[in-house]
Enquirer: 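First, the structure itself, so that you have it in front of you.
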Amino acid sequence: MAAFLDVVLPVFVVIGAGYAVVWLGWFAQSGVDGLIRFTQIFAIPCLLFTAISQLDLSQNFNVPLLFSFYAGALAGFGVGTFGARLIFRRDWPDAIAIGFCCLFSNSLLLGLPITERAYGAGALEANYTIIAMHSPFCYAVGITAMEIARARGQAGGAVLRKVARAMFSNALIIGIGLGFVVNLAGVPVPAPLQDGLDLIARAALPAALFGLGGVLVQYRPEGDLRIIVAICAVSLLLHPAITLGLGQVLDLPTSALRSAVITGAMAPGINAYIFANMYGVARRVAASAVLIGTAASIVTAWGWLSVLP
C-alpha cells in the first residue's frame, strides 16, 4: 500500500487534475492542445537531449537491457497485430495500428515519474537508455509494417523514403539524435544554454502529465471492448512479464531490471493514438485503449512494483 500511496497515486493525481479541470470547463481544450504541443515538440525533446547527451553510454547502453525490453515490446506487437487480424478479423492496417498500441508503452509520461518516485532520480539511467531507442524502434516497426501493408505494388525505395520521412520529422527522434551527436562527439554545451535547456526539461513531465489528463477527456471508451481488453492485457501484463523473465535469465542488475519492467508495464501512450490517427485507422480503439489502459495501470503498476526486488 505504501508503494501505491507514495509512488503511483501522486502521478495519477496530476493526470486526474488535468482531466478534472478540462471536464469541468475550467481549462480550455485549446489550452491543453497547446500544452501537449509544448511538451511533445519542445520540453520532452529538451529532456531527452539533455539526458542522452550526458548519459554514460559505455556504462548504461547494454544489450541485455535493451533485448529484455524490446523483445517483450516486439512480442506484444506481434500478438496484437496477428490477434487483431486472425481472431478479431480486422484488416491489416487496422491490425497494425492495434499492434502498435501493444508496442508503444508510455515510457515517458508514466514510466519515468513512477520509476523516479519508487527508486529515486539515480535509478533513471536505464530508463533513458530504453527511451533513447523507444521512439526510433517503435516508429520504425510500426511505420514499416504499415507502409508495406499499404504499398500495394509500390517500389521498395518509395516505401523506405516514406518510412524515413515519417521518422525524421518526429521531434522526439530529433532530440534523441542530437543528444547522441553531442555525447559521441564530446561537444561541450555552453553553460547558459544548458541551464536554459534544464529549465525547459524540468517542466516536461509535470506539464505532460497534466496535459495527458486533459487530452483523455476527448476520448470515450468506444470501439470493440474485447480488442481494448486484449490490448490492455498485452501492454500491462504480457510485455512486462516477458521483460522480467528475460531480465532474470540474462542476470540484469536490479536497477536495470526494475526500470525495464516498470517501463514495459506502462499503458499505451498518446503516440499510439497519434499513429492510428496519422493513418486514419482504428482510432476509436486506440483512443479507448489509451484511456482504459492508463486507468488500469494505477493497479497494475502497483502490482509490478510489489513483485520487483
Side-chain angles (χ1 to χ4, degrees), residues 3 6-8 10-11 39 43-73 104-138 172-189 191 194-195 197-206 208-209 239-240 242-266 269 301 304-305 307-309:
D6 297 339
V7 177
V8 179
V11 172
T39 58
I44 292 176
C46 287
L47 173 67
L48 294 176
F49 169 82
T50 298
I52 292 167
S53 66
Q54 298 173 0
L55 189 67
D56 185 346
L57 297 177
S58 62
Q59 199 66 12
N60 295 287
F61 221 73
N62 67 79
V63 173
L65 168 66
L66 295 174
F67 180 79
S68 299
F69 179 84
Y70 285 107
F104 207 113
S105 53
N106 200 338
S107 58
L108 272 170
L109 305 193
L110 297 180
L112 271 182
I114 288 176
T115 304
E116 182 176 11
R117 291 195 63 82
Y119 305 114
L124 295 180
E125 289 185 334
N127 288 65
Y128 285 122
T129 301
I130 292 169
I131 290 167
M133 297 294 295
H134 200 217
S135 288
F137 178 86
C138 292
L172 301 179
I173 293 175
I174 292 170
I176 290 167
L178 290 175
F180 274 118
V181 169
V182 169
N183 190 314
L184 295 173
V187 178
V189 179
Q194 187 60 63
D195 289 344
L197 291 171
D198 290 340
L199 284 172
I200 297 173
R202 279 197 290 272
L205 291 180
L209 288 170
H239 182 180
I242 291 172
T243 298
L244 177 60
L246 288 173
Q248 291 173 332
V249 168
L250 297 173
D251 198 24
L252 277 182
T254 298
S255 60
L257 182 66
R258 289 169 172 171
S259 294
V261 173
I262 293 302
T263 304
M266 295 300 100
W304 285 111
L305 284 168
V307 303
L308 286 170

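Not measured: the values here are computed from a predicted model. When reading the values below, keep in mind they use all heavy atoms of this one structure, side chains included, and skip hydrogens, waters and symmetry mates.
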Enquirer: Determine whether a donor-acceptor pair (N or O, by modelled atom type, separation under 3.5 Å) exists between the side chain of T263 and the backbone of S107.
Expert: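 Flag not set: sc T263 to bb S107 has no pair under 3.5 Å.
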Enquirer: Let me see the working for L252 and N62 under side-chain contact (heavy atoms from CB on, under 4.5 Å), right down to the final yes or no.
Expert: CA-CA 10 Å; L252 277 182; N62 67 79; 4.0 Å; yes
Enquirer: Answer yes or no: is there a side-chain heavy-atom contact under 4.5 Å between L48 and I44?
Expert: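 The answer is yes, as the side chains (C-beta and beyond) meet within the 4.5 Å cut-off.
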Enquirer: Distance from L257 atom CG to S68 atom OG, nearest 0.5 Å?
Expert: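 Answer rounded to 0.5 Å: 7.5 Å.
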Enquirer: Backbone N or O of T50 within a donor-acceptor pair of the S53 side chain at under 3.5 Å?
Expert: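 Pair found, side chain donor or acceptor close to backbone of T50.
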Enquirer: Do any N or O atoms from the side chain of H239 and from the backbone of A265 form a donor-acceptor pair under 3.5 angstrom?
Expert: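 No, the answer is negative, given that no donor and acceptor are paired below the 3.5 Å cut-off.
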Enquirer: Taking all non-hydrogen atoms of both residues into account, name the closest pair between P113 and L209 and its distance.
Expert: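 Nearest heavy atoms, P113 then L209: CG-CD1, 4.2 Å.
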Enquirer: Please report the C-alpha distance between T254 and L308 in whole Å, then the side-chain angles of each, then the deciding distance to 0.1 Å, and finally whether the side-chain contact (heavy atoms from CB on, under 4.5 Å) criterion is met.
Expert: CA-CA 9 Å; T254 298; L308 286 170; over 6 Å; no
Enquirer: Angle between ring planes, F69 versus H134, binned at 30° and 60°: parallel, tilted or perpendicular?
Expert: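 Rings of F69 and H134: perpendicular, over 60°.
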Enquirer: Which heavy atom of I200 sits nearest to which heavy atom of A43, and what is that distance?
Expert: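 Smallest heavy-atom distance, with atoms named: CG2-CA, 3.6 Å.
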Enquirer: For C46 and A201, which heavy atoms make the closest approach, and how far apart are they?
Expert: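 The answer is C-CB, 4.3 Å.
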Enquirer: Working to the nearest 0.5 angstrom, can you tell me the gap between R202 CZ and L197 CG?
Expert: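 If we round to the nearest 0.5 Å, R202:CZ and L197:CG are 11.0 Å apart.
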Enquirer: Can you name the nearest heavy-atom pair linking I52 to A132, along with the distance?
Expert: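 Taking I52 first and A132 second, the nearest heavy atoms are CD1-CB, 3.6 Å.
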Enquirer: Indicate yes or no: at least one non-hydrogen side-chain atom of L112 is less than 4.5 angstrom from one of Y128.
Expert: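 Yes - at least one pair of side-chain heavy atoms lies under 4.5 Å apart.
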Enquirer: To check you understand the geometry: which heavy-atom pair defines the closest contact between A301 and I114, and what is its length?
Expert: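 Nearest pair, atom of A301 first, then I114: CB-CD1, 4.3 Å.
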Enquirer: Out of curiosity, L246 CG to L65 CG, how far, rounded to the nearest 0.5 Å?
Expert: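 Reported value, rounded in 0.5 Å steps: 11.5 Å.
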Enquirer: Is it the case that the side chain of T39 and the backbone of A204 share a donor-acceptor pair, with hydrogens and angles ignored and the cut-off at 3.5 Å?
Expert: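 Absent.
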Enquirer: Would you check if the side chain of Y119 reaches a backbone N or O of L124 as a donor-acceptor pair within less than 3.5 Å?
Expert: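 Answer holds: no.
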Enquirer: For a quick test of reading the model, state the closest non-hydrogen atom pair linking T115 to S259 and the distance between them.
Expert: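 Looking at all heavy atoms of both residues, the shortest contact is CG2-OG, 4.0 Å.
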